[in-house]
Every structure is written in structure tokens, then in C-alpha cells.
Amino acid sequence: MNRRLATALTAAAALLATAPVAQAAGSPVLHASPHGTGTACTHSRPCSLDAARDQARTLHGGVRIELAGGTYTRTEALKLTSADSGTTWAAAPGAHPVLSGGVTLTGWSEAADGTWSARAPEGVTPRQLFVDGQRATPARGAACAASVCDATKTGMTGAKGTGIAAWKRPTDAEAVIKVRWRNYHCRIAAVTGDLMTFAQPCWTNSSGGTDRTGPAWDTTTVDSSRYSGVAFFENAPELLDQPGEFTYDSAAHKVTYLPRKGENMRRATAVTPSTEQLLTIDGAHDITVRGIGFAYAAYRQPSTDEGYAGMQSGLTLTGATGPVDHAGRYYTKPSAALTVRGGRDVAVDRASFTHLGGAGVILEAGTQESGVTRSSFTDLSSGAAYIGDTEPNPAPELAGVDNTFAYNTIRRTGVEYTDAVGIWAGYEAGLTLDHNSLDQLPYAGISVGWGWNQPEAQQSVLRDNKITNNRITNVMQVKDAQHDGGAIYTQGAQPGTVISGNYINRSAYENTERDGNGIYLDEQSSHILVVNNVITRTGGKWVSNWADYGIQNTARANWAETVVPPLSGTGSQLVDNHEGLDRLPAEALKAAASAGPHGGPVEQLRRDLARTGTATQSSTDGANTADLALDGNITNTATKTLSEPGAWWQVDLGSVQHIGQTEIWNASGMPTGDFDVQYADTADYANATTVHIAGKAQGPSLLNTDTHGRFVRIKLTGTGRVALAQVNVHP
């Protein structure tokens with residue numbers, strides 16, 4: 001680890017004061033301000049950022065450039081190169097400088113329907129809008145099922161069924177589609193009768209058969225069997241019906257917004273991202289960026305004909321043609337506010353990234369011994385950090401080695417592109433991801449490794465990565481409808497890689513599918529040690545190693561409330577884990593509480609009254625006995641009755657108990673639906689309290705009650721099977 005990052009990490013661990021580190025005696029200091037001019041660059045006569053950079057170059061390194069507080073509006077990135085090596089860019093003491101790529105929209109006028117409109121400047125395509133710092137939502141409609149919006153390789157039906165055929169300008173609207181772990185945004189190109197076609201190459205790159213969309217087994221394209229319909233269409237005036245929504249008319253260059261309660265557009269500040277990159281560091285070494293904010297950077301690609309053909313983790317497929325590849329070697333990262341290419345000893349510390357149309361930071365193209373510490377990432381359309389690249393065996397000068405991302409806070413990223421992860425790392429060696437906090441994310445929290453099990457990627461530079469002491473909560477959120485991921489997700493053989501001391505809580509909790517995991521050793525993940533992690537409230541397995549070619553992984557001494565089956569893959573094993581817990585012991589609570597940049601609260605498990613109860617059911621199909629709903633295994637054991645009128649399952653708690661909550665976990669592939677939950681003091685269910693659940697049970701369905709009973713019964717209101725993975729009854 002380089003000296004600058006080691007210093008930052010030591011300071012973060014000790015929670016030292018946040019004043020800038022003192023410059024060495026005699027080192028020159030230049031001063032910049034948002035409206036600085038000239039070349040003096042003194043405290044009384046500050047200059048612009050670009051002028052300060054140019055002046056520093058004449059001093060040949062060792063220069064500190066202090067930024068006064070305020071907003072530095074950028075129409076292009078501040079570009080640092082090898083000529084800027086050895087410089088420090090830091091906030092002046094007590095100052096809060098922010099580099100912004102935003103354009104403020106003015107001249108708002110009100111219409112009779114309560115909407116307000118303003119003209120966007122030439123060359124600006126408002127994809128996002130922030131009103132007084134609060135993100136607005138592109139006007140969107142309801143979901144359209146595949147039976148109406150039937151997607152093929154060439155287009156989609158449903159223009160008449162959705163009403164799109166009658167829209168004034170349907171070609172400004174986009175279809176937003178989610179298939180498993182993928183997210184697609186493609187603009188409508190034309191409407192002919194009931195048929196819609198879409199911008200190219202977005203649609204082709206989103207559909208199968210290109211030989212570029214991913215693994216050979218890929219079944220997650222828009223025209224695949226996994227496609228279930230359009231999540232929503234967005235950006236049409238006909239859909240503008242909710243406060244906080246907006247549309248953009250490309251012909252009139254006009255933004256129309258429906259204000260939230262209390263907003264007055266004559267006084268509000270409305271900003272749209274315009275400039276993509278705010279700071280680039282290319283081929284430089286020994287650069288420090290400290291205490292600087294980044295806001296309102298744009299991500300233009302999704303508004304072009306390229307659209308957003310999401311492949312995985314926020315990377316997209318672009319271009320009309322390209323090399324045949326199934327390992328994602330030629331996928332495109334999103335645009336980021338700060339990009340480091342080929343950097344050495346570059347340290348970003350105490351930065352803030354907020355209100356971005358794309359990602360926060362990218363470290364790529366052979367960046368080594370560099371990193372980001374003590375920084376915050378909030379309200380980003382894409383992911384917080386992209387570290388490394390997709391080439392499994394790069395030239396030494398292009399390899400990502402010994403980089404660090406530590407003591408950072410990530411919250412509400414992937415807001416627009418819900419397949420994005422909080423932290424993505426490709427083929428990295430010696431990477432440290434330590435004491436970060438990640439919360440409220442649509443898909444995976446941390447993803448390390450690449451290439452699935454494709455031949456191109458089976459031998460790579462991946463090794464010795466450390467994913468340690470991170471706090472990962474509320475990820476793979478149900479509302480975002482992305483599947484097949486985990487709080488920590490890995491791919492590829494990674495000798496020496498350790499996943500340790502992490503606190504994971506509520507990953508894919510209340511999901512409908514059993515594919516949202518805690519720690520997910522996916523595909524060819526091999527030679528990884530998973531140790532001393534605390535994993536609770538997970539909708540799927542607390543650890544998943546499903547592939548027989550994911551070998552020699554070990555999960556040891558972890559704490560989890562559920563039970564998982566043996567790990568697949570030669571030499572993979574579960575050793576001395578504490579599974580099936582209904583209370584976290586003191587040691588686990590201590591480990592969980594210390595995770596993240598500042599530690600934090602831990603959700604203690606609730607005692608399960610059903611754990612020692614006696615389960616019975618109306619009938620039994622094969623070996624699927626009633627007691628399997630009490631074994632703590634939510635993924636591969638389940639009860640099952642025969643199909644019959646009024647089928648039921650119940651648990652006798654042994655005595656009358658006060659019941660505060662019931663968790664009902666569906667059986668994978670056969671969820672119970674449309675049923676009553678009954679609570680009674682006696683076996684005849686006289687005077688029972690009954691709660692009806694319409695539709696299918698979730699993972700889990702939660703019933704918060706204030707009742708009592710000895711018997712808890714789940715009974716179909718019609719004919720069918722009762723199939724349950726788990727039932728927990730809490731006092």
C-alpha cells in the first residue's frame with residue numbers, strides 16, 4: 001500500500017480531525033476560487049482551477065493548490081496528466097468546494113394544468129433534474145406484461161394496448177426493462193400500428209443472438225424466455241401525473257415539471273447535469289485530492305442511440321459491431337465524475353459525490369497503489385466506484401494492483417440504472433475493500449471478479465483481494481426487481497482472497513425468488529476464504545457456492561440465522577459455522593457493530609417460538625414433511641401437502657404465547673398463495689384470529705400482529721397445495 005493511502009487509512013481508523021494535512025515547510029501553495037481570474041493564484045488574488053494547474057506546472061511538483069469554498073461550474077473536465085504529478089488539490093481550511101457539471105434551468109412558466117416549463121440550453125439533454133437538491137423522476141407509466149408488450153429481436157408489440165400509438169411524441173420516450181440482473185433503457189424510434197421499434201444499436205445489443213451479450217447460456221436478454229414485460233415506459237407528457245415528475249421534449253428543448261407540495265418554481269433552484277467528467281487524472285503519480293465535492297455530472301450515452309444495454313453491474317454493451325466474446329471483455333463502464341487512468345499513488349480522501357447522472361469514481365487502465373478513503377457517495381444514477389478492467393490478463397502496466405477503497409459511505413446509488421452495484425472491481429490483484437458502509441442499493445453491494453466461467457477468463461490476474469469489515473444493509477431491494485446477486489458477489493479464481501468481518505443485513509429480504517444471497521461465490525469463484533462474517537435477514541442463502549467449477553472455497557466460523565446446504569465444487573466446504581440462529585451471540589454482535597467506517601447498530605434477531613414447536617399438515621406429498629418448515633433452511637427444504645380443498649399446515653407452540661410477528665417463507669418454485677393465517681388458543685380453532693394473505697407468499701411475508709395463541713395455522717382459502725420453506729413465530 002502506498003504512503004499516502006496508508007496515512008489516510010490510519011487517520012480514518014483513528015477518526016482523526018478532518019483538517020487538511022499540513023504541507024511541508026517551504027512548499028508552494030496556490031489558491032483557487034470559483035470566480036478566480038489571472039495567474040497570481042494568491043490568497044487575495046485567487047485564480048481558476050485551470051490557471052492554478054498551469055501555474056503549478058511551472059513550479060515542477062510539490063505544490064499544494066487550495067480551493068476556496070463554493071461551486072466550480074465545469075463545462076469540461078479539469079484534466080491532470082503526468083505533468084501534474086506531485087501536486088495536492090485540497091479544500092482550504094473550513095471550505096467546502098464543489099466541482100459541478102450542472103446547468104441551472106431558469107425562466108419557468110406555469111401552465112393551467114399546474115405544470116411548469118423551462119427551456120433547456122442548446123446542447124444540453126436533461127436526463128436528470130434536481131429541484132432544490134431533490135431528484136425528480138422522469139414521468140413513467142405502469143408495467144406492461146409480455147402478453148401485450150411482446151419483445152422480439154426487432155421490436156415490440158403493444159403500442160395500441162399501452163396507448164403509446166396515440167402519444168404526440170413517442171420517440172422521446174424510453175422502454176425500461178428488467179430481466180434478472182440486467183436493466184435496459186432503449187428509446188422508441190418509431191411506432192407503426194401496434195409495433196414499436198427502438199434506437200439502434202441499443203435494441204440489438206439488448207437482444208440475443210449478437211454473440212456479444214454475455215455467456216453462451218445467456219437467457220436474460222429482452223427477447224429471452226426470462227423476459228416478463230416492460231417495467232415502465234418513461235419521458236412522455238402523457239405520463240406526467242405525479243408530483244416530482246418531469247419530461248423533456250427534444251424538439252422544443254423544453255423541460256416540463258409537476259412540482260411537489262410546497263415547491264415554487266419561481267424561487268426553486270432546478271439543476272440538470274450537463275458535463276460528464278469533472279476531474280480526470282491520466283498517467284500521473286503522487287496526486288492527492290482531498291476534501292473536494294463532485295456534483296451534477298452527466299452520463300450522456302443512455303440518451304443517444306446507444307442507449308443503455310445493461311449487461312452486468314452497470315456495464316453496458318455498445319457499438320453496432322465488435323469482437324465475438326462471451327466473457328464481457330469489451331463491455332463499457334458508465335461515465336464517472338472522477339476518473340483515474342494509469343495512475344500511481346493517487347489518493348482521493350474525504351471527497352463527496354452526490355446528485356450524479358452516472359457513477360462516482362473510476363480507477364482503471366493500470367491504476368496501481370491508489371485509492372479512495374473517507375468519502376461519501378449519495379444519490380447516484382449508477383454505481384459509486386468502478387475499480388479495474390475487464391481484461392483477464394492485461395500487460396503489467398495495465399494491471400490493477402494494490403488499490404484501496406476504504407472507510408467510505410455509499411447510500412442510494414443505482415437510482416436510475418438498477419443493475420449497477422455499489423462497488424465493482426474487475427480483474428484486480430491485492431485490492432483492499434475495507435470498513436465501507438453500503439445501504440439502500442437496488443442490486444449487489446460489492447462485486448469483485450469477472451468473466452463467468454468462459455474460456456477467455458478461466459486464467460486471470462485475480463488474487464489476494466480483501467473484502468473486510470464492511471457494513472452492507474438493505475441491498476437487492478425488492479422494489480427494484482433485480483435478481484441473482486448478493487450483498488457480496490464474486491467471480492473468478494482468486495487465490496488468497498478473503499471475505500471477513502462483514503456485517504450483512506437484509507439482502508433481498510422479502511424477495512419472491514430465492515436468488516438474492518448474502519455472500520455469493522458465483523460461477524468460477526475459487527480459492528476464497530469466507531470467515532467471521534455476520535449475515536442476517538437474507539432472502540436467499542447466506543453463502544452460495546452453487547457451481548461445481550467453483551472450487552476450494554471455505555466458509556468458516558460465520559454467524560447466520562439460516563442453514564445452507566453443502567457447498568458445491570471440489571474442495572469447497574463449510575466449517576464450524578454458527579447457523580440457524582434465532583439470537584446473535586455477544587461475539588457476533590461485537591463483530592457486526594464494528595463493521596463500516598464508524599461502526600453502527602445491529603439488528604438483533606427475534607426469538608422464534610416455533611423453533612421448538614410441533615408441526616403437522618393436512619397431508620404430505622412424498623418426503624416433504626411438516627417439520628421442514630421449522631429447520632431454518634429456506635432454500636432447499638420445504639413442506640408440501642397434496643393438492644386439496646382447504647389444505648393446511650400448522651405449528652403447536654406448546655402453550656399459549658403472545659405473538660407479535662409471523663414470518664411466512666414461500667417454497668422456491670411453488671409458493672403458497674391466497675391463504676388465511678389463523679391464531680388460536682385451542683386445537684379446534686374456536687374464536688381464532690384470522691388474517692388473510694392475498695396472492696403468493698413472499699420471502700418472507702411478514703404479519704405484524706398483537707395477538708395470542710398456541711396454534712398457528714396456514715390454510716388455503718381454495719384448492720391447491722401448501723408449500724412452505726420456513727415459518728417463524730416471534731413474541
Review point. Between T538 (side chain) and G540 (backbone), is there a donor-acceptor pair under 3.5 Å?
Key: no
Review point. Are W542 and W559 close enough that their ring centers fall under 6.0 Å?
Key: no
Review point. Y417 and H185: aromatic ring centres closer than 6.0 Å?
Key: yes
**Study point:** Polar side chain donor-acceptor pair, D345 to H285, under 3.5 angstrom
**Key:** no
Point to revise | Nearest-0.5 Å distance, CD1 of residue I551 to CG of residue L521 | key: 13.0 Å
Check your understanding: side chain to side chain contact (heavy atoms under 4.5 Å, CB included) between H483 and D515: does it pass, once the steps are laid out?
Key -> CA-CA 6 Å; H483 298 282; D515 57 8; 3.3 Å; yes
Review point. Does E587 CD have over 12 foreign heavy atoms under 6.0 Å away?
Key: no
Review point. Would you call Q134 and R260 a side-chain contact if the rule is heavy atoms closer than 4.5 Å?
Key: yes
Practice item. Could you grab the distance from atom CD1 of I467 to atom CD1 of I528, nearest 0.5 Å is fine? Key: 7.5 Å
Exercise for review: Answer yes or no: is there an ion pair linking R412 with D439, defined by an N-O contact shorter than 4.0 Å?
Suggested key: no
Exercise for review: Could you grab the distance from atom CD1 of I410 to atom CG of L438, nearest 0.5 Å is fine?
Suggested key: 4.0 Å
Check your understanding: How far does OH of Y509 sit from OG1 of T536, to the nearest 0.5 angstrom?
Key -> 9.5 Å
Review point. With a 3.5 Å cut-off and no angle check, do the side chains of T373 and D349 form a donor-acceptor pair?
Key: yes
Check your understanding: Is the backbone N or O of S568 less than 3.5 Å from a side-chain atom of S572, with the two atoms forming a donor-acceptor pair by type?
Key -> yes
Review point. For the ring pair F377 and F405, is the centre-to-centre distance below 6.0 Å?
Key: yes
Practice item. Give the minimum heavy-atom separation between W665 and N728, together with the two atoms involved. Key: NE1-ND2, 3.7 Å
Point to revise | Minimum side-chain heavy-atom gap N408-V372 below 4.5 Å | key: yes
Point to revise | Between OG on residue S352 and CZ on residue F294, distance to nearest 0.5 Å | key: 8.0 Å
Practice item. Compare all side-chain heavy atoms of D379 with those of L356 and state whether any distance is below 4.5 angstrom. Key: no
Review point. Is any side-chain heavy atom of Q277 less than 4.5 Å from a side-chain heavy atom of Y299?
Key: no
Check your understanding: Is there a donor-acceptor contact under 3.5 Å linking the side chains of N469 and Y407?
Key -> no
Review point. Within a reach of under 6.0 Å around CZ of R583, are more than 12 heavy atoms found that belong to other residues, nucleotides or ligands?
Key: yes
Review point. How would you list, by chain and number, every residue that makes a ring-ring contact (aromatic ring centres under 6.0 Å, His included) with Y331, sequence neighbours excluded?
Key: none
Practice item. Work out which heavy atom in S375 is nearest to a heavy atom in A351; give both atom names and the distance. Key: OG-N, 2.9 Å
Practice item. Considering non-hydrogen atoms only, spot the tightest contact between G314 and P334 and give its length. Key: O-CD, 3.5 Å
Study note, to complete from the structure: Nearest heavy-atom approach of Q573 to L567 is O-CD1, 3.5 Å
Check your understanding: Do Q440 and N474 pass the side-chain hydrogen bond (donor to acceptor under 3.5 Å, both in side chains) test, and can you show the C-alpha distance, the side-chain angles, and the key distance before you say yes or no?
Key -> CA-CA 5 Å; Q440 298 183 42; N474 301 301; over 6 Å; no
Review point. Given side chains that start at C-beta, do those of K541 and N517 come closer than 4.5 Å, heavy atoms only?
Key: yes
Point to revise | Backbone of S594 reached by a side-chain donor or acceptor of R471 within 3.5 Å | key: no
Check your understanding: Passes side-chain hydrogen bond (donor to acceptor under 3.5 Å, both in side chains), D522 versus Q491? Steps please.
Key -> CA-CA 5 Å; D522 195 16; Q491 288 189 45; 5.2 Å; no
Exercise for review: Go through the structure and list residues passing side-chain hydrogen bond (donor to acceptor under 3.5 Å, both in side chains) with E364, not counting sequence neighbours.
Suggested key: K333, R341
Review point. Listed by chain and number, what are the side-chain hydrogen bond (donor to acceptor under 3.5 Å, both in side chains) partners of Q494, not counting sequence neighbours?
Key: N465, T497
Check your understanding: Is the Y489 to Y443 ring centre distance short of 6.0 Å?
Key -> no
**Study point:** By side-chain hydrogen bond (donor to acceptor under 3.5 Å, both in side chains) - contacts of R411 (at least two apart)
**Key:** none
Exercise for review: Show your reasoning for whether side-chain hydrogen bond (donor to acceptor under 3.5 Å, both in side chains) applies to N633 and T635.
Suggested key: CA-CA 6 Å; N633 189 328; T635 55; 3.2 Å; yes
Check your understanding: Do I446 and I472 come within less than 4.5 Å of each other through their side chains, counting heavy atoms only?
Key -> yes
Practice item. Please lay out, stage by stage, how I287 and T87 fare under the test side chain to side chain contact (heavy atoms under 4.5 Å, CB included). Key: CA-CA 5 Å; I287 295 272; T87 56; 3.4 Å; yes
Sequence neighbours left out, cut at 3.5 Å: what donor-acceptor pairs do the side chains of residues 92-101 make with other protein atoms?
unit_1, atom_1, unit_2, atom_2, d
S100, OG, G102, N, 3.1

Study note, to complete from the structure: Checking R537, R611, R607 against E561 for salt bridge (charged side-chain N to carboxylate O under 4.0 Å, His left out), the one that qualifies is R537
Check your understanding: Partners of N577 by side-chain hydrogen bond (donor to acceptor under 3.5 Å, both in side chains), sequence neighbours excluded?
Key -> N558
Review point. Where the side chain of Q128 meets the backbone of R135, is there a donor-acceptor pair that is under 3.5 Å apart?
Key: no
Study note, to complete from the structure: Smallest heavy-atom separation, Y72 atom then A68 atom, equals OH-O, 2.8 Å
Review point. With distance as the sole test, does S525 use its side chain to make a donor-acceptor pair with the main-chain N or O of T490 at under 3.5 Å?
Key: yes
Check your understanding: Would you call E428 and R463 a salt bridge, taking side-chain N to carboxylate O under 4.0 Å as the test?
Key -> no
Review point. Under a 4.0 Å N-O cut-off, is there an ion pair linking D576 with R556?
Key: no
Practice item. Identify the two heavy atoms, one from Y503 and one from A592, that lie closest to each other, and give their separation to 0.1 Å. Key: CD1-CB, 3.5 Å
Check your understanding: Taking P565 as the fixed residue, which of N636, N545, L574 is the one that meets the side-chain contact (heavy atoms from CB on, under 4.5 Å) rule?
Key -> N636
Check your understanding: Does some side-chain heavy atom of R180 sit less than 4.5 Å from a side-chain heavy atom of Q482?
Key -> no
Practice item. Go through the steps for D286 and R344 under the test side chain to side chain contact (heavy atoms under 4.5 Å, CB included), then give the verdict. Key: CA-CA 6 Å; D286 294 288; R344 298 290 188 275; over 6 Å; no
Check your understanding: Step by step, would you call E663 with Q726 a side chain to side chain contact (heavy atoms under 4.5 Å, CB included)?
Key -> CA-CA 8 Å; E663 300 182 28; Q726 186 72 17; over 6 Å; no
Check your understanding: Is there side-chain contact between I519 and N533, with heavy atoms separated by less than 4.5 Å?
Key -> yes
Point to revise | Pairwise distance CD1(I387) to CG(L433) - rounded to 0.5 angstrom | key: 5.5 Å
